[in-house]
Every structure is written in C-alpha cells, then in structure tokens.
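These numbers come from a predicted model, not from an experiment. Side chains included, hydrogens not; waters and symmetry mates left out as well; all remaining heavy atoms used. Throughout, protein chains are lettered first and strands after them, A, B, ... in sequence-line order, and every chain is numbered starting at 1.
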Amino acid sequence: MRNRTVKAAVVVMAGALALAACGTNKTESGGGGSASCDTSKGTLTIGVIAPLTGNLSALGLGIQHSAELAVAEANDKCTVKGYKLTVDPEDDQATPQVGAQAATKLSSDSNVVGVVGTLNSSVAQTVQPILSGKKVPQISPANTNPSLTKGTDLSNPKRQFPSYFRVCTTDNYQGPDAADYLVKKAGKKKIAIIQDGKTYGAGLAAAFSERATTDGATIVDKEQVGEKDTDFSGVLTKVKAAAPDAIYYGGEYPVAGPLSKQAQGLGLNVPVMGGDGIFDPKFIDLGGKEGDLATSVGAPTESLDTAKDFVKAYAAKGYKDPYAAYGAFSYDAANAIIASLATTLGDSGTWADGQRDKLISNIGSYKGNGATGAVAFDQYGDSTNKVLTVYQVTGKEWKAVQTGPFEG
Amino acid sequence: MEVAVGTLLQQIANGLIFGGLIAMVALGYTMVYGIIQLINFAHGEVFMTGAFGGLFTYTYILPAAAQQIWYVALPAMLVGGMITSLVIALLMERFAYRPLRNAPRLAPLITALGVSVLLQEVVRIWYPGATSAIPFPSLLDSVPLHLGPITLKPSGLLMLVVSLVLTVVLQTYVSRSRMGRAMRATAQDPDTARLMGINPDRVIVLTFAIGAVLAGVGGVLYGSYINAVDNLIGFQNGLFAFAAAVLGGIGSIRGAVIGAFIIGLIKNLADIYLPGGTAYDYVWIFILLIAVLVFRPQGLFGEAERVRA
C-alpha cells in the first residue's frame with residue numbers, strides 16, 4: 001500500500017514538473033539565411049530577453065519576432081560577411097531574478113554578440129551588470145526609467161554601463177509630456193496618482209507628479225497597488241473620495257485595464273492616463289474605456305514612412321503575435337547591433353571576445369534610419385530621438401491625438 | 001463628513017463582496033479538511049478552472065446571439081464552470097488523494113501542491129492566452145447600482161447574495177440531511193462510521209463535489225466581477241480562502257464564511273484607515289491571522305480539541 005501511494009505521488013509530481021518544463025522549452029528561431037551568402041565562419045547569436053510568457057507576453061513576443069525579422073533580413077542580405085545570424089529568445093517572465101538567469105546564460109555563450117531587451121526597467125537593473133561584466137552590448141527597445149543610463153542622481157548624471165543603450169526615450173520626458181497634455185491641454189486640475197511600486201511605474205508616476213504640480217494641478221491622492229492584485233474596489237473608493245477629475249496610472253495594462261473598468265463600476269467616471277506600459281490593444285480588451293489616455297515613445301508606427309516597410313515585412317513573415325508597442329523599437333535595436341557588428345568585422349574579420357570593445361564603441365557611434373525614425377545614441381547611451389505621442393481610446397481603438405518631440 | 005461616511009459604507013460594501021467571493025472558496029477548504037484532515041492546496045486551482053470553464057462555455061460553446069443575453073449566457077457559464085470544477089475535483093480526488101488515503105499526512109499535502117502546479121500549467125499551456133489577463137465578459141454591469149452613497153456593480157451584489165444563500169443551504173444540508181449526518185459521522189471517526197453502514201468513500205467524493213461546485217460558481221462570478229482572469233488567480237484567492245478557513249477554525253462551515261467576511265472587511269478598511277494604505281492591506285490580514293493563531297490556535301469557531309486530528 002505504502003509503495004503504491006508513494007508511486008502515485010511521484011507520478012503526479014513528475015507530471016507537474018514535466019509540464020512546467022514544457023512551458024519553458026522553446027524553439028530557437030531566427031533567420032532563414034539565403035543559400036547564396038557565405039556563412040563559412042559559423043553562426044553568431046543575438047539574444048533577446050523579454051517576457052515571453054505571463055502578463056506582459058503580448059509585448060515580449062512582439063519584441064522577439066521583430067528582432068527575428070531584423071536577423072532574417074540581415075541573413076538574406078548577407079549583412080555580416082562570413083556568418084549566419086540567429087536569435088536566442090530568453091523568457092524573463094518580467095521578473096528580475098529570471099532575467100538574471102537569462103542574462104547569465106547568454107553572456108556565457110561566446111557566440112552571443114549582443115542582446116535586445118529587456119522590456120521592464122526593473123529587469124534591466126539586474127541584467128545590466130551581468131551583460132556588462134562580459135562586455136555584451138545590450139540595446140533595450142523599451143526601458144524608460146532614466147536611472148538605467150544616468151544613475152539615480154539626475155542633476156549629476158553619470159553613465160552607468162558602457163555596454164547599455166536604448167532606442168526609446170525615457171520617463172524623464174514621458175511623465176512630463178503626459179502631465180503637460182493632461183493639465184494644459186485637457187484642463188484636468190485635480191489628479192489622483194496610482195502606481196504599482198515597480199521601477200517603471202513608480203519612476204513614471206514621480207516624473208508625472210512633479211511636472212503636473214509645476215503645471216498647476218493638485219495631486220489629490222497617491223496610492224500604490226500590488227502587481228498581482230485584481231480587486232481594486234478598495235483603492236478606488238479611496239480615490240473617489242478625493243474627487244479627482246483624472247487618474248494617472250504608473251504601471252502596465254494588465255492592472256490598468258481592469259482598474260479603469262472597476263473605476264467606472266464604482267461611478268468614478270474620469271479618464272485614466274498612463275505611459276507606454278498601458279499603450280496596448282489589450283488595455284482596451286481588459287476594460288480600458290473611451291477617453292482613457294496613454295503616452296508612448298516615438299511616433300505612431302503606422303504613420304511613419306520609415307515604419308511602413310517594417311510593418312509590411314512583419315506582416316509578410318506571418319508571425320502569430322502582433323509586433324505590439326515595442327516591435328519597431330526592437331527591430332531598430334537589432335539592426336543597430338547587426339550594422340555595428342558588420343562594421344566591426346568588416347569584410348574579412350573573425351568574431352572573438354577581443355572584438356567586444358570595438359563593437360560597443362561602434363554601437364555608440366551608430367547612426368541609422370530605423371522604423372521609429374532616426375536612431376542614434378547620446379553620451380549616456382540614451383536615444384537622441386525624443387519624439388512622444390499621446391494616444392486616446394476612441395471607438396475601442398487607440399488613436400494618436402498629439403505627436404512631437406518633447407521640449408522640456 | 002458626509003463624504004467620509006459614504007466612503008466608509010462603500011468600503012464596507014466592497015469588503016462584503018470580496019468576503020463573499022473568498023467564502024465560496026473557503027467552504028471547499030474547510031469541508032475537505034473537516035472530513036479527511038487534508039489541506040487541499042489545489043482547491044484554489046479548482047476555483048481557477050471553474051472560471052476558465054465559464055469563459056470557455058461563453059467563448060466556444062454559446063452561439064453569438066446568446067452571448068449578449070445575460071439571462072441565457074450567465075446561467076450557461078455557471079453550469080460550464082461548475083461542471084469543469086466538478087470534473088477536475090473528482091479526478092483529483094480519485095487519482096491524487098484516494099491512493100494516499102492511509103499514507104502519512106505529509107504525502108497528500110505534497111501531492112496537493114503538485115496538483116496545484118499541474119492545474120496552473122495545464123491551463124497555461126492549453127487555454128489560449130491564459131498566462132496574461134484575458135477579458136471575461138461582464139454581462140450584468142452595463143449600469144452600476146446606486147444605493148444612497150454606495151455604488152455597486154450588479155455582479156458584485158450577485159456574488160454576495162449567492163454566497164450567502166449557498167452558505168445557508170450548505171449549513172442546512174450538513175446539519176439536517178441524511179447525507180449530512182453521514183458526513184459528520186465520517187468526520188468524527190471514519191472507521192466507526194463504516195461499521196454503521198456509511199460508505200466513507202462516497203461521503204468523501206460528495207464532499208469534494210460540493211466544494212468544487214461552490215468554487216466553480218465562485219470562479220464564474222469572480223470573472224464577471226473583476227472582468228479578467230488568468231491562470232494564477234487560484235493561487236492568490238486560494239491563499240485568502242485558506243487564511244479565512246484557518247481564521248474561522250478550519251473544519252467549521254460557519255467559521256469559514258465569517259473568516260472570509262472578516263478578511264474582506266479588513267482588506268478594504270485597511271486601504272483607508274490603516275497606515276500604509278493599499279500597499280500594506282495584505283499585511284494587516286496576515287497580522288490578524290497570526291494574532292488569532294497565537295491566542296486561539298483552533299481559530300475563532302474551531303473546536304478546542306478534535307477527537308481525531
């Protein structure tokens with residue numbers, strides 16, 4: 001009897017483990033590579049670190065496929081002479097600790113020439129030093145927390161990691177841009193702020209709060225919610241008591257969508273505004289209501305001439321998931337790595353660890369015309385492109401209402 | 001001042017609704033523990049699969065015309081949720097717990113954790129998009145209800161009413177019916193109960209089944225109240241339900257429900273009146289739980305010492 005029961009327990013546990021393992025298996029994917037290119041020197045890898053499962057997977061999968069697209073195109077064009085490029089997508093589950101494992105794995109592979117990622121600023125914080133230690137260049141399509149490049153003391157900025165770059169603009173501009181729009185253009189004077197306590201959400205909310213106060217608005221309430229919370233009736237009742245005429249949310253769409261809907265359910269009919277973390281169609285599916293607002297980095301992908309080719313090529317590849325909010329940025333980030341790698345190796349160079357310094361400095365001076373516009377980096381590794389767009393939910397869709405470079 | 005009273009009443013209403021939800025899950029915990037002294041950690045996942053069963057019914061079974069008619073769609077979803085939870089719980093009882101009936105107490109506990117992970121992963125892999133919040137149809141909530149200073153979502157009110165009604169029905173069933181008497185007898189001493197002509201296996205299956213049906217109803221009502229579900233909702237809500245059952249005295253039906261409402265009220269009142277606000281509301285719940293366990297280890301309504309514990 002004892003034997004049987006133990007066996008049964010083992011079978012169940014083994015089943016659970018096997019299934020858990022299945023979830024993390026993934027197929028390495030990358031460029032097809034046309035037969036006409038010379039790939040005699042082997043394969044080089046571009047790593048992707050993004051949330052491929054979990055709450056934010058819609059954003060993460062868009063990042064992965066867009067990087068794959070860039071690599072496939074480079075293989076077709078024989079951009080890097082003598083090598084075939086592949087993509088190694090690693091799931092960070094939007095968690096710093098899991099991201100650190102992914103970074104360790106990628107940085108211990110000498111064929112990894114660069115990493116596109118991460119999505120979350122909080123994950124970037126743990127990933128940066130690991131990749132930097134092995135001199136693996138990293139370009140983030142989506143990190144918007146200013147401290148990642150300039151350190152915590154923004155009045156006295158200091159570059160944190162020479163190997164870290166990003167192609168999107170930061171919350172330094174995004175939070176204030178939202179404040180300017182909400183206070184000056186939309187005329188909201190009493191604003192409640194809710195944030196999720198993570199690096200991204202808290203940073204964005206702080207930048208927003210400062211600027212909104214300068215612009216003449218009153219912050220009537222400040223609240224923090226848990227990332228895994230689902231019932232926000234308590235916090236919203238408190239917010240309602242403060243009678244705001246708008247809510248600014250620092251965080252991401254899985255919370256923001258239900259939050260907006262639950263606010264309406266409590267009779268709190270004011271617009272919810274957030275940053276690029278809520279700028280996703282899923283925000284609307286999950287309850288984002290008409291009139292809700294979001295800022296996002298760059299100009300609307302569909303509206304830029306430079307983006308049209310990207311959108312067309314992405315559609316032609318038939319990826320299962322849409323390119324989402326950061327696809328175009330991820331494509332540009334991968335292209336910056338690929339082009340700098342081609343420059344570093346030249347027509348006959350051979351990849352070795354000794355080339356990493358040269359590759360990093362080539363990325364630093366990279367200039368290109370990407371899907372999101374001009375791509376270049378300043379002395380901190382930040383994008384020189386400060387274009388931001390304000391979007392509003394209109395007829396169940398995000399519609400751009402204002403685009404332009406942020407002028408502080 | 002009037003505003004403040006309105007806010008207090010609103011928070012109490014929110015707390016009762018949340019308590020009603022937790023109660024429906026806590027009942028399953030407390031009943032299974034009462035009968036076989038098993039802390040069924042996978043019960044939160046039974047709740048979660050119920051929510052997905054309801055969503056599946058809505059998305060893939062109901063014809064498009066019926067999706068908009070709430071009095072057709074909601075009952076269909078409830079039935080779908082109950083059936084899913086029931087099937088999952090019965091399979092779980094038969095294949096994960098029954099083989100371990102006479103094993104040391106730790107073995108079924110570990111199995112329960114394994115089943116919990118298994119169910120999370122099964123839903124994650126097989127239900128499209130379940131890793132991320134998926135929208136759940138909110139059929140009742142086109143117009144909020146205004147009761148004086150309180151604004152309620154109709155789905156929240158429904159959740160509260162359903163949980164109270166089901167609790168009363170369950171309490172009556174267990175204390176009055178023949179099968180309820182058999183349950184109490186099995187809880188007290190399964191071997192003697194067997195001598196009295198009771199089939200403990202049937203009683204245990206029935207207990208799992210009742211708990212599962214309640215959890216399935218809870219899952220669907222939760223989905224329509226929150227408007228979003230994912231494959232991890234069972235974990236967090238299951239944790240609260242477990243805390244509620246322990247707080248009330250695990251094994252006691254009345255205790256589980258009262259424990260659930262206490263937790264709901266504390267969570268929502270802490271949001272406003274305690275230091276730290278919403279960021280610390282769970283801290284207060286678990287401080288209370290610890291305090292109760294220190295001074296009254298059997299829980300608020302538990303028996304001081306069980307004959308067979």
Given a strict heavy-atom distance threshold of 4.5 Å, which part of B/Ser116 is in contact with chain A: side chain, backbone, both, or neither? neither

Looking only at B/Asn268, B/Ile272, B/Ile233, most heavy-atom pairs under 4.5 Å shared with chain A are made by B/Ile272

Considering only distance and modelled atom types, tabulate donor-acceptor pairs under 3.5 Å from the side chains of residues 263-279 of chain A, sequence neighbours left out.
unit_1: A/Asp276; atom_1: OD1; unit_2: A/Gln174; atom_2: NE2; d: 3.2
unit_1: A/Asp276; atom_1: OD1; unit_2: A/Tyr200; atom_2: OH; d: 2.5
unit_1: A/Asp276; atom_1: OD2; unit_2: A/Tyr326; atom_2: OH; d: 2.7

Side chain / backbone / both / neither for B/Ile134 at chain A, heavy atoms under 4.5 Å: backbone

Heavy-atom distances under 4.5 Å only: say whether B/Tyr222 touches chain A with side chain, backbone, both or neither. side chain

What part of B/Tyr282 lies closer than 4.5 angstrom to a heavy atom of chain A: side chain, backbone, both or neither? side chain

So which part of B/Gln11 gets closer than 4.5 Å to some heavy atom of chain A, the side chain, the backbone, both or neither? both

Looking at A/Asp292 and A/Lys289, does any basic side-chain N land under 4.0 Å from a carboxylate oxygen? yes

Contact summary for B/Val229 and B/Ala51, nearest pair of heavy atoms: CG1-CB, 4.1 Å

For chain A, which candidate among B/Gly156, B/Ala133, B/Pro108 shows the most heavy-atom pairs at distances under 4.5 Å? B/Ala133

Heavy atoms, side chains only, cut-off 4.5 Å: are B/Phe56 and B/Tyr127 in contact? yes

Return the orientation label for the A/His65 and A/Tyr319 ring planes: parallel under 30°, perpendicular over 60°, tilted otherwise. parallel

Quick note, salt bridge (charged side-chain N to carboxylate O under 4.0 Å, His left out) partners involving residues 236-262 of chain A, not counting sequence neighbours, are A/Lys198-A/Glu252, A/Glu223-A/Lys238

Measure distances from B/Leu269 to the heavy atoms of chain A and classify the residue's part below 4.5 Å as side chain, backbone, both or neither. neither

Determine the interplanar angle of the A/Tyr248 and A/Phe208 rings, folded into 0 to 90°, and report it as parallel if under 30°, tilted if 30 to 60°, perpendicular if over 60°. parallel

Winner by heavy-atom pair count (cut-off under 4.5 Å) against chain B, out of A/Leu56, A/Asp229, A/Val255, A/Val225: A/Asp229

